[in-house]
There are 2 protein chains.
Amino acid sequence: MGYTVKTMAEKANLSPHVLRYYEKEGLLPHVKRTKGGNRHYSDGDLEWLGLVCCLKNTGMSIKQIREFVNLRLQGPETLKARCDMLLAHKEEVEKHIEEMNRHLEKVTHKIEHFTKQYEEYSSGEAHGQEAMRTWGQTPSVHKKKSIE
Amino acid sequence: MGYTVKTMAEKANLSPHVLRYYEKEGLLPHVKRTKGGNRHYSDGDLEWLGLVCCLKNTGMSIKQIREFVNLRLQGPETLKARCDMLLAHKEEVEKHIEEMNRHLEKVTHKIEHFTKQYEEYSSGEAHGQEAMRTWGQTPSVHKKKSIE
DNA sequence: TATTGACTTAGAGTTAACGTTAAGGTTTAT
DNA sequence: ATAAACCTTAACGTTAACTCTAAGTCAATA
């Protein structure tokens, strides 16, 4: 029971490099070694890495994750602090998601706008404008200069 | 009708520096100048910048935004391409948001877990464990070494 | 036992998207 | 007229999160 860097990396869908990097950054403390000095990850490490990845994947910086890890290392007196930290993070992420959704709405509007324009344009082209192109300059009266 | 860099920057909540940077990177083409050479942004520029910011704020890279701008500069033949690009981006962002939500659920679980542990711990401390701490080592029998 | 391949380290390099500083000049607003 | 804001170029600095390199060590197989 225990994994090499490579196995661990596969399980976590990360590169071995990143695992070593995380360890160096203090995100994965107390990783055991074999006699030879090779990393030997436990299931506990794997579970912990799971949480670390969750935090990272929701945008928490490595610096902040390190703070979280440091709290954990200080024992159960920091349970409340850790809980608060996660709660704060959760709220931030939720706010972030809301913002993304707002921005996305604007994009959706633009898409609708473009779709309409595209339909107009392509139908215009299908019924005669294509021919005009080959004959010379399009009369400016017919072709309003669109901003989009 | 027209804005200086500073005004424009305030409207967009960016620094003047970033506006010049975006222009240099090709994100804001055809910005008019005064006789003297100062930038003189139009409402059209402002609107365009709005879209650029939306894309940026939903995580599109400057490189990709530049591609989008370049399509626009090629005229209405690229309407479909632009539309497709935005659609693809939208889907990506939606996928990203879903993923965030999934990760967030895990965080929520952890929070519940921590809350429970914290309550146990603090009630334990309130009814006698605090005293024990001042007397010496906590007997290992009573204090299971938690992984969290 | 030899060799291959995975592991180790420290440290340098990369990328994106800015930010900073400076020099030296021009424009605009009051 | 004078101060504040603007211009350009150009290079250097910053931060985050990797990513790679070099030079060496360890482990498993033929």
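Per chain, numbering begins at 1; letters A, B, ... match sequence-line order.
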*Pick the nucleotide of DNA chain D nearest each of A:S15 and A:G36; which residue has the one closer to the 5' end?*
A:S15

_Expressed as a whole number of angstroms, how long is the span from A:L19:CG to D:dC18:P?_
11 Å

*Is B:E25 salt-bridged to B:K56, cutoff N-O under 4.0 Å?*
no

*asked:* Ring-plane angle category for A:F114 and B:F68, please: parallel below 30°, perpendicular beyond 60°, tilted otherwise.
replied: tilted

*asked:* What's B:R39 touching, base or sugar-phosphate or nothing? Going by heavy atoms closer than 4.0 Å.
replied: sugar-phosphate

_Rounded to whole Å, please give me the gap between NE2 in A:H17 and C1' in D:dC18._
10 Å

*asked:* Looking at D:dC26, I'd like to know if its phosphate oxygens (OP1 or OP2) sit under 4.0 Å from a side-chain N or O belonging to A:R33.
replied: no

*asked:* If I take atom NZ in residue A:K6 and atom P in nucleotide D:dA28, what distance separates them, rounded to the nearest angstrom?
replied: 14 Å

_Phosphate OP1/OP2 of D:dC18 contacted by A:Y22 side-chain N/O (<4.0 Å)_ = yes

*Base, sugar-phosphate alone, or nothing: which one does B:K24 contact when heavy atoms must sit under 4.0 Å apart?*
nothing

_Can you identify which nucleotide, out of D:dC6, D:dT8, C:dT8, has its nearest atom closest to the B:N38 side chain?_
D:dC6

*Once you round it to whole Å, what is the distance between P of D:dA27 and NE2 of A:H40?*
12 Å

_Atom CG of residue position A:N13 - does it have more than 12 heavy atoms of other residues, nucleotides or ligands inside 6.0 Å?_
no

*Distance, rounded to the nearest Å, where B:I65 contributes CD1 and C:dC18 contributes P*: 9 Å

_Categorize B:T4 for me: base, sugar-phosphate, or nothing, with a 4.0 angstrom heavy-atom threshold over every strand shown._
sugar-phosphate

*Taking the side chain of B:V18 as its heavy atoms from C-beta onward, which of D:dC7, C:dG19, D:dA27 lies nearest to it?*
C:dG19

*So, B:N101 side chain and B:E98 main chain: donor-acceptor pair closer than 3.5 Å or not?*
no

*Just by modelled atom types, is the B:Q64 backbone N or O under 3.5 Å from a matching donor or acceptor in the B:S61 side chain?*
yes

*Could you state the OH-P distance from A:Y21 to D:dT15, rounded to the nearest angstrom?*
13 Å

*Rounded interatomic separation in angstrom, taking CZ from A:R20 and P from D:dC20*: 12 Å

*Identify, between B:K63 and B:K35, the residue whose nearest nucleotide on DNA chain C lies closer to the 5' end.*
B:K63

*Nearest-Å distance for atom pair CG/C1', residues A:L14 and D:dA17*: 12 Å

*Comparing B:T34 and B:M60 on DNA chain C - which has the more 5′ nearest nucleotide*: B:M60

